[in-house]
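See structure below.
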Amino acid sequence: MAAIMLIPFAVVVFNALKTPAEYTANGPLAPPEGFHLEGIRDFWERVGFGHVLLNSLLISGSVAVLAVLLSVLNAYALGIGRIKGRMWVLVLLLMANTLPQESLVYPLYYLANKLGLYDTRVSVIIVFTVIQSAFGTYLLSSVMAAFPRPLLDAARIDGASRWQILWRVVVPVVRPTLTVMLVFFFIWTWNEFLIPLIFLISNDNQTVSVALGVLQGQRLMDATMSSAAALLGLLPTVVFYLIFQRTLSRGLTAGAIKE
């Protein structure tokens with residue numbers, strides 16, 4: 001099964017390393033006859049990929065960290081603090097996650113324009129932080145609702161404040177879940193296309209997903225350059241996943257085995 005999942009990635013690599021003449025002669029499924037980097041170099045120079053890559057890393061990394069932090073604070077109030085109307089807040093968050101982004105584009109555009117944040121990376125970071133934290137709050141609140149009460153009572157008896165209970169008791173216990181959320185938020189934000197396309201109209205602020213969209217014209221598409229672009233856009237997320245793979249696996253299986 002794992003080998004089957006690697007086939008699309010192998011096809012992208014093959015086509016990224018071909019010349020246009022090889023692609024035309026041998027088709028998309030044939031391996032390259034040599035190690036050609038012309039497509040990668042042409043795409044890098046055409047869109048200024050180094051700067052675009054930094055934009056995506058900055059936006060995705062900021063959203064992942066801020067969304068996890070905001071989710072922790074919200075879920076602590078909902079799951080452990082047991083604020084009034086908790087169920088209605090969770091229902092509202094669940095409904096917010098079901099809304100398509102197309103329905104949010106114009107209100108968010110109008111608000112960003114009024115605040116002077118349009119065509120800035122800050123606007124996209126704020127939008128995606130709120131969107132991702134809505135899901136994170138819904139997920140974490142259910143986890144914290146089942147948090148062992150004896151641990152909280154013991155911390156209160158020892159004189160810990162609510163802030164100390166959160167960071168010294170709750171966060172260490174739910175850290176595997178937070179790591180999973182961090183990885184998913186980064187990858188989800190990295191792959192977003194619609195909102196960055198509308199909010200980041202200048203070339204200096206574009207993300208990788210938007211830069212990939214400039215390659216296909218109305219009547220012409222360079223398959224070799226498109227494959228090179230897809231490879232360059234995919235590699236950072238693969239590297240990010242491999243770095244956190246072990247931590248991610250521990251987070252997904254946390255609590256599955258009772259000792």
Side-chain angles (χ1 to χ4, degrees), residues 1-2 4-6 8-9 53 56-82 86-87 89-101 124-149 151-152 163 165-193 195-196 207-209 233-259:
M1 183 63 69
I4 295 177
M5 296 177 64
L6 288 176
F9 180 74
L53 180 63
S56 284
L57 289 174
L58 175 62
I59 293 174
S60 300
S62 300
V63 169
V65 173
L66 293 175
V68 169
L69 179 61
L70 188 58
S71 299
V72 169
L73 297 177
N74 293 337
Y76 182 63
L78 293 171
I80 294 179
R82 300 286 183 173
R86 170 180 177 272
M87 185 57 64
V89 174
L90 293 178
V91 170
L92 181 62
L93 292 175
L94 181 61
M95 293 177 61
N97 279 288
T98 62
L99 288 175
Q101 290 188 2
V124 177
I125 291 174
I126 294 175
V127 170
F128 282 129
T129 297
V130 174
I131 292 175
Q132 308 291 22
S133 64
F135 172 78
T137 300
Y138 179 80
L139 175 66
L140 270 183
S141 60
S142 60
V143 174
M144 291 189 182
F147 197 88
R149 293 290 165 177
L151 289 178
L152 301 176
W163 190 257
I165 292 175
L166 171 61
W167 296 111
R168 296 185 181 181
V169 179
V170 177
V171 169
V173 174
V174 300
R175 183 177 291 125
T177 304
L178 301 183
T179 304
V180 174
M181 290 171 52
L182 182 73
V183 175
F184 284 161
F185 288 168
F186 181 90
I187 295 176
W188 290 346
T189 306
W190 182 278
N191 293 326
E192 288 289 348
F193 176 75
I195 289 181
T207 61
V208 170
S209 59
L234 180 63
L235 282 179
T237 57
V238 173
V239 172
F240 185 82
Y241 171 79
L242 292 176
I243 293 174
F244 289 95
Q245 181 182 13
R246 182 173 298 179
T247 305
L248 182 61
S249 300
R250 287 201 301 263
L252 291 174
T253 58
I257 301 176
K258 186 176 181 180
E259 299 181 356

Decide side chain to side chain contact (heavy atoms under 4.5 Å, CB included) for T237 and L234; before the verdict, give the C-alpha distance in whole Å, the side-chain angles of both, and the deciding distance to 0.1 Å.
-> CA-CA 6 Å; T237 57; L234 180 63; 3.9 Å; yes
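- The CG atom of L93 sits 11.0 Å away from the OG1 atom of T98 when rounded to the nearest 0.5 Å.
- Between S71 and the options L178, T129, L140, a side-chain contact (heavy atoms from CB on, under 4.5 Å) holds for only L140.
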Side chain to side chain contact (heavy atoms under 4.5 Å, CB included) between I165 and Y76, worked out = CA-CA 10 Å; I165 292 175; Y76 182 63; 3.8 Å; yes
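- Aromatic ring pairs are classed by plane angle as parallel below 30°, tilted from 30° to 60° and perpendicular above 60°; the pair F185 and F135 is perpendicular.
- The distance from atom OG1 of T137 to atom CE of M144, rounded to the nearest 0.5 Å, is 9.5 Å.
- Proximity of L57 to W190: side-chain heavy atoms (C-beta onward) are separated by under 4.5 Å at one or more points.
- Counting heavy atoms from C-beta outward, V63 and V127 have side chains that stay 4.5 Å or more apart.
- Contact annotation: the side chain of I131 approaches that of I195 to within less than 4.5 Å [non-hydrogen atoms, C-beta and beyond].
- Rounded to the nearest 0.5 Å, atoms CG (N74) and OG (S133) are 6.5 Å apart.
- No more than 12 heavy-atom neighbours from other residues, nucleotides or ligands sit within 6.0 angstrom of OH on Y138.
- Looking at every heavy atom in both residues, R168 comes nearest to P172 through O-CG, 3.6 Å.
- With contacts defined as side-chain heavy-atom distances shorter than 4.5 Å, the pair F128/P196 qualifies.
- Minimum heavy-atom separation, M181 to G136: CE-CA, 3.5 Å.
- How far CG of L92 is from CG of N97: 10.0 Å, rounded to the nearest 0.5 Å.
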Apply the test side chain to side chain contact (heavy atoms under 4.5 Å, CB included) to residues F147 and V169: give CA-CA distance (whole Å), side-chain angles for both, the deciding distance (0.1 Å), then the verdict.
-> CA-CA 10 Å; F147 197 88; V169 179; 4.1 Å; yes
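- Inter-residue side-chain proximity for L66 and L70 is flagged as unmet; no heavy-atom pair is nearer than 4.5 Å.
- To the nearest 0.5 Å, atom CG of residue L166 and atom CG of residue L73 are 6.5 Å apart.
- A side-chain donor-acceptor contact under 3.5 Å links S142 to the backbone of L139.
- Note that OG1 of T179 is 11.5 Å distant from CZ of F184, once rounded to the nearest 0.5 Å.
- Closest approach of W167 and L69 over heavy atoms only: CH2-CD1, 3.6 Å.
- With hydrogens and angles disregarded, no donor-acceptor distance shorter than 3.5 Å links the side chain of T207 to the backbone of S56.
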